[in-house]
Number of protein chains: 2
Amino acid sequence: MADRVYEAIRREILDGRLAAGEKITEAVLAERFDASRTPVRSAIVRLAGDGFVEMTPRSGTVVKRRTPAEVSEIYEVRALLESAAAGLAAGRCDERDLDELKAIQSEMEAATTGPWQAEEEVVERISALNQAFHQKILEASRNATLADSAARLMNIGFLINTYARFSHPEIERSLFEHRQLIAALTSRDPAWAEAVMRAHILGARNSLAAAS
Amino acid sequence: MADRVYEAIRREILDGRLAAGEKITEAVLAERFDASRTPVRSAIVRLAGDGFVEMTPRSGTVVKRRTPAEVSEIYEVRALLESAAAGLAAGRCDERDLDELKAIQSEMEAATTGPWQAEEEVVERISALNQAFHQKILEASRNATLADSAARLMNIGFLINTYARFSHPEIERSLFEHRQLIAALTSRDPAWAEAVMRAHILGARNSLAAAS
DNA sequence: AGTCTTGTTTTTGTATCCAATGGGGCTCGG
DNA sequence: CCGAGCCCCATTGGATACAAAAACAAGACT
């Protein structure tokens, strides 16, 4: 059950319960998850490979810090990869893909127009749906290598201030661009899909840069 | 010394001493490298993260097989990432970068024109220099995220038949394209550099596809 | 008073041990 | 002769024990 520990730590990092720069001690996590240090170590090695934490030999592990410049870089590479994926998806997606995208989109719209009860919960839901939307397009590109490369960056990206990113205007913009993306995919227009995706991600980068 | 084991296994895979599809048993590797199973396990987890091996829970680990389609995918994504890197590098590289690239190029030319003694050794040397060349351009892009994403794919790519790829005509073509790349970078022409790099990598993909 | 040094303590990294599961081989039946 | 089912063993995954190294703290010296 090293997988369980891996997922748990990952979630703690993504949720911000383990803050960037925070020191990670194996024994602490082992006790928290009621396991021995062995699976915790394994999980940490995997997380280091995924770029979530940084292991320095004999010294310890910390949750990786990212400078604003690095965050920009991540979004730029994402723009490159995901726009290519969107272009491919426009030529390769089938009706089922489009239906699923539309379903996700509907859920996102419902989540925003619904009663704004617990702000944080809504934001978390939006974030999850947003991730699913992008993942779906990567999948529709029918290029697993491309999808993996992009997904890796997406995951890292999502740990960067999940909350600050989704202010109300941001959500509106995101919904709008997602609609355009669906339109581009529906009309099988690779160039359009590519351009919209690039604009979408670089726009997100920009508002993130403005916030930091 | 898990790092040592990691590097050792990695080298065995890259050199083909551990063939694709081959089963990996921790105890065997532990004995071979004169270590316990613990660091071997750690190394295997890292290798799985890098996409070199595939761990199936409770069952075992095998060196990952790649279909020709996957290989093509890898080269296509490499083309995408590395051409972008070359474009950035054209705008950002300094004299030192160019000098180092030229030095690598000289060594490659020397290695090919020199006495063709042990064919295999020469090919191995060319391969290492080629990798260094591409790595250098990634570095010159001044985008660590882009460089990492591309380097990951490059490493996987190099495990795919290091030998078959470098027949004589291939080497000649590679040298020629590298010269063009240096020319494009020297004249600070991003569009040219990008195009040459894309052509270079897609060309390699093509001859690899033809060989398989 | 500040800094270097030294001793202690926490924590990492490795080795060994144990349980549980999957695969291979053997046997039995058709 | 071939296939299905069962049993044993090899191998993985986890826990614990131990050694070594680094961080921290306290004290002495300049």
Side-chain angles (χ1 to χ4, degrees), chain A residues 1-66 148 155-156 159, chain B residues 1-67 155-156 159:
Chain A
M1 307 223 165
D3 283 357
R4 199 177 60 83
V5 175
Y6 169 80
E7 286 297 339
I9 299 179
R10 191 189 134 117
R11 277 294 266 284
E12 293 216 356
I13 293 175
L14 287 171
D15 293 356
R17 278 180 294 173
L18 281 172
E22 192 166 340
K23 194 170 188 320
I24 283 183
T25 59
E26 296 172 4
V28 171
L29 292 177
E31 196 195 4
R32 189 182 318 174
F33 300 124
D34 200 46
S36 88
R37 274 181 51 213
T38 308
V40 172
R41 242 192 113 61
S42 181
I44 288 176
V45 170
R46 284 180 61 189
L47 289 164
D50 291 345
F52 287 109
V53 301
E54 218 166 17
M55 300 178 75
T56 57
R58 297 269 175 217
S59 169
T61 303
V62 295
V63 179
K64 185 153 183 173
R65 265 181 212 287
R66 308 249 174 215
D148 283 351
N155 283 325
I156 297 175
L159 90 83
Chain B
M1 307 217 168
D3 283 357
R4 200 177 60 83
V5 175
Y6 169 80
E7 285 297 339
I9 300 178
R10 191 190 134 112
R11 274 296 264 283
E12 293 216 355
I13 294 175
L14 287 172
D15 291 358
R17 278 180 294 174
L18 281 173
E22 192 165 342
K23 194 170 189 316
I24 283 183
T25 59
E26 297 171 3
V28 172
L29 292 177
E31 195 195 5
R32 187 181 318 173
F33 300 125
D34 199 45
S36 88
R37 274 181 51 213
T38 309
V40 171
R41 254 194 96 63
S42 181
I44 290 176
V45 169
R46 283 180 61 189
L47 289 165
D50 292 344
F52 287 109
V53 301
E54 217 167 19
M55 302 177 74
T56 56
R58 301 261 176 226
S59 169
T61 303
V62 295
V63 179
K64 184 152 185 174
R65 263 180 213 287
R66 310 250 173 212
T67 66
N155 283 326
I156 298 175
L159 90 83

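Convention: sequence-line order gives letters A, B, ...; per-chain numbering from 1. Everything numeric in this text was worked out from a predicted model, so none of it was measured.
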Below the 4.0 Å mark, does D:dA23 have OP1 or OP2 next to a side-chain nitrogen or oxygen of A:Ser59? yes

Which residue, B:Lys23 or B:Thr38, contacts DNA chain D at a nucleotide closer to its 5' end, judged by nearest heavy atom? B:Lys23

Toward the 5' end of DNA chain D, by each residue's nearest nucleotide, A:Ser36 or B:Thr25: B:Thr25

Please state how far atom CE in B:Met55 lies from atom C1' in D:dT11, giving the value in whole angstrom units. 12 Å

Distance check: side-chain N/O of B:Arg41 vs OP1/OP2 of D:dG13, anything under 4.0 Å? yes

side-chain hydrogen bond (donor to acceptor under 3.5 Å, both in side chains) against B:Arg32, all qualifying residues, sequence neighbours excluded: B:Glu12

Between atom CD1 in A:Ile44 and atom P in C:dT11, what is the gap in whole Å? 13 Å

Polar pair under 3.5 Å, donor/acceptor by atom type, side chain B:Arg58, base C:dG23: no

Expressed as a whole number of angstroms, how long is the span from B:Asp3:CG to C:dT12:C1'? 13 Å

A side-chain contact here means heavy atoms from C-beta on lying under 4.5 Å apart; do B:Leu29 and B:Val5 qualify? no

List the steps and the verdict of side chain to side chain contact (heavy atoms under 4.5 Å, CB included) for A:Ile44 and A:Ile24. CA-CA 9 Å; A:Ile44 288 176; A:Ile24 283 183; 3.9 Å; yes

Nearest whole angstrom, please: distance from the P of C:dT16 to the CD of B:Glu31. 13 Å

Hey, are the side chains of B:Leu47 and B:Tyr6 touching, using non-hydrogen atoms and a 4.5 Å cut-off? yes

Tell me the interatomic distance from A:Glu26, atom CD, to C:dG13, atom P, rounded to whole angstroms. 6 Å

Determine the contact category for A:Ile24: base if any of its heavy atoms lies under 4.0 Å from a base atom, sugar-phosphate if only primed atoms, P, OP1 or OP2 are that close, otherwise nothing. sugar-phosphate

Could you give the CZ-to-C1' distance, from A:Arg37 to C:dT11, as a whole number of Å? 7 Å

